[in-house]
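Contents: one structure, followed by commentary.
Everything numeric in this text was worked out from a predicted model, so none of it was measured.
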Amino acid sequence: MTRDAESTIQEVRIIEIADHNQQNEHRYVEIVCYDGLTGHAGPLDGQYQFLAVKNRLHVFNQFLAKRSIFDPEIEFASLWDAVYPEHPLTSYEHGKDPLTGDNIWRSHRTSRHSATGEIITAFSAIDIAIWDLRGKASGKPVHQLLQGGRTELDAYVSCMGSKTPQEALDKAVPWYEKGFKRHKCFLPHRPVEAAGVKNNLNIMEALRRTLPQDAQVMYDLSRLSDQLDDPSTRKRRLSWLNEQVKEMLPYRPVWIEEPVSPDDIEGYESIKQANPTAVLAGGEHLYTRWSLKPYLDKGLLDYVQCDPEWCGGISESIAICKMVETSYPNVKVVPHGHMVLAAAQIVAAQSEALSPFTEYLYQVIPDRNRYFKYAPEPVNGILTVPQDPG
């Protein structure tokens, strides 16, 4: 090992950083090299990710201390194998949780992430901080280290939380007028509602009738399928979702996102079999390439949305992109944009054919960006890719 002070890791730690007004603080992973160069990831997503990192700091330091940041063995998958050698991530490919051994397909989560998923988000943060260090030490943005050359990305805006057609229009129209021709609408009406399908279609009809013809809309059905794990109601609720998807198709959505819960591979199969022309998106809440692969092998996803902050960092996101490009030529990758910095670097490192645009969560990203000296925000539907090192 070459003990170059600029590229040799001294410590992994958690820091708190105040926003520009010194009023709020968020926690970040910080990896420090011997000459003081630092790499960061964050802000950590709430208490779950903070604790997942904090409880493993001693292990991360044991594995990473005195190693070069350019060591190719320092990346998400190898770090996991070092910490959990008896629990391979390949278990996901067979529908098994790698830590518990539980069957996960068709399981119903009680929170956004599974318990093992929360741990994977901690490893993801370490991986992102290492890539931040690599970029800074090389004097290049990460997408250039990955042989990417895109400097501008088309962006779509996520418009969350509309309950009525008018609310959906109040969000979509101003963004279209700002130059965003693509936006995502979250449909709110659930299987338990007698007129749920009709009420969701009323929102879609209002958008189609009002927006110009070149507007493109994605629709998110996440969490409309709650309690599909209940055997007494599953058949009826799946029937409702199949009807919902069928009625959506004439509106030609860019995609229909998470029509069932993330681990419900049988639910995805049911919807794709009943509606083979439906363009389905998912993967935001899946972890690693091995969790994603069965969905792709069965032809259930047309857009992959794995989030680098959650799925295994930049290393695993790049592995996912390579897997999709090599083995699933009709599938595209559009990472979920929980934090725009890492996602933008990944998209910028891919061809436009594979990764055509990036996501902008306008209701949450500006708050997270307050902790950075510079963080990109799209203008007129275009995100300028940061060119600073890291």
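Taking the ring centroids of Tyr219 and Trp255, they lie at or beyond the 6.0 Å cut-off. Centroid-to-centroid, the aromatic rings of Trp290 and Tyr92 stay 6.0 Å apart or farther. When ring centroids are compared, His113 and Tyr48 come within the 6.0 Å threshold.
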Mind listing the side-chain donor-acceptor pairs of residues 346-354 below 3.5 Å, one per line with the distance, residues two or more places apart or on another chain?
| residue | atom | partner | partner atom | Å |
| --- | --- | --- | --- | --- |
| Gln350 | NE2 | Ile346 | O | 3.3 |
| Ser351 | OG | Leu354 | N | 3.1 |

Give every donor-acceptor pair under 3.5 Å between a side-chain atom in residues 316-325 and any protein atom, sequence neighbours left out.
| residue | atom | partner | partner atom | Å |
| --- | --- | --- | --- | --- |
| Glu316 | OE1 | Arg289 | NH2 | 2.8 |
| Glu316 | OE2 | Arg289 | N | 2.8 |
| Glu316 | OE2 | Arg289 | NE | 2.7 |
| Ser317 | OG | Gly313 | O | 2.8 |

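Here the closest non-hydrogen pair linking Gly39 and Asp132 is CA-OD2, 3.3 Å.
Under the rule for a ring-ring contact (aromatic ring centres under 6.0 Å, His included), Phe186 has no partner lying at least two apart in sequence or in another chain. Thr164 pairs by the side-chain contact (heavy atoms from CB on, under 4.5 Å) definition with Gln166, Glu167, not counting sequence neighbours. By the ring-ring contact (aromatic ring centres under 6.0 Å, His included) test, Phe357 is found to be paired with Tyr156, residues two or more places apart in sequence or in another chain being considered. Applying the ring-ring contact (aromatic ring centres under 6.0 Å, His included) criterion to Trp80, with sequence neighbours excluded, gives Tyr84, Phe123.
Side chain of Asp307 to main chain of Glu309: a donor-acceptor pair is present (N/O by atom type, distance under 3.5 Å, no hydrogens or angles). Looking at Asn275, its side chain never comes within 3.5 Å of a backbone N or O of Val245 through a donor-acceptor pair. A distance-only check finds a donor-acceptor pair linking the side chain of Asn200 to the backbone of His189 [under 3.5 Å]. Not one N or O on the side chain of Thr210 forms a donor-acceptor pair closer than 3.5 Å with the backbone of Leu207.
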>> side-chain hydrogen bond (donor to acceptor under 3.5 Å, both in side chains) for Gln144 and Gln387? Distances and angles first, verdict last.
In response: CA-CA 9 Å; Gln144 289 185 10; Gln387 300 300 311; 3.2 Å; yes
> Can Val385 and His143 be said to form a side chain to side chain contact (heavy atoms under 4.5 Å, CB included), step by step?
Replying inline: CA-CA 9 Å; Val385 181; His143 72 273; 3.5 Å; yes
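In summary, Asp45 and Arg27 do not engage in a salt bridge, as defined by a charged side-chain N under 4.0 Å from a carboxylate O. The existence of a salt bridge linking Glu205 and Arg208 is confirmed by a sub-4.0 Å separation between a basic side-chain nitrogen and an acidic carboxylate oxygen.
Taking the centre and axis of the six-membered ring of Trp131, the NZ or CZ atom of Arg134 falls inside the cone set by 45° and 6.0 Å. Both the sub-6.0 Å distance and the 45° axial angle are satisfied by Arg67 relative to the ring of Phe63.
Cluster annotation: Ile265 and Leu238 are assigned to the same hydrophobic cluster (Ile/Leu/Val/Met/Phe/Trp/Tyr, side-chain heavy-atom contacts under 4.5 Å, transitive). Transitive grouping of hydrophobic side chains (ILVMFWY, heavy atoms separated by less than 4.5 Å) keeps Trp310 and Ile14 in distinct clusters.
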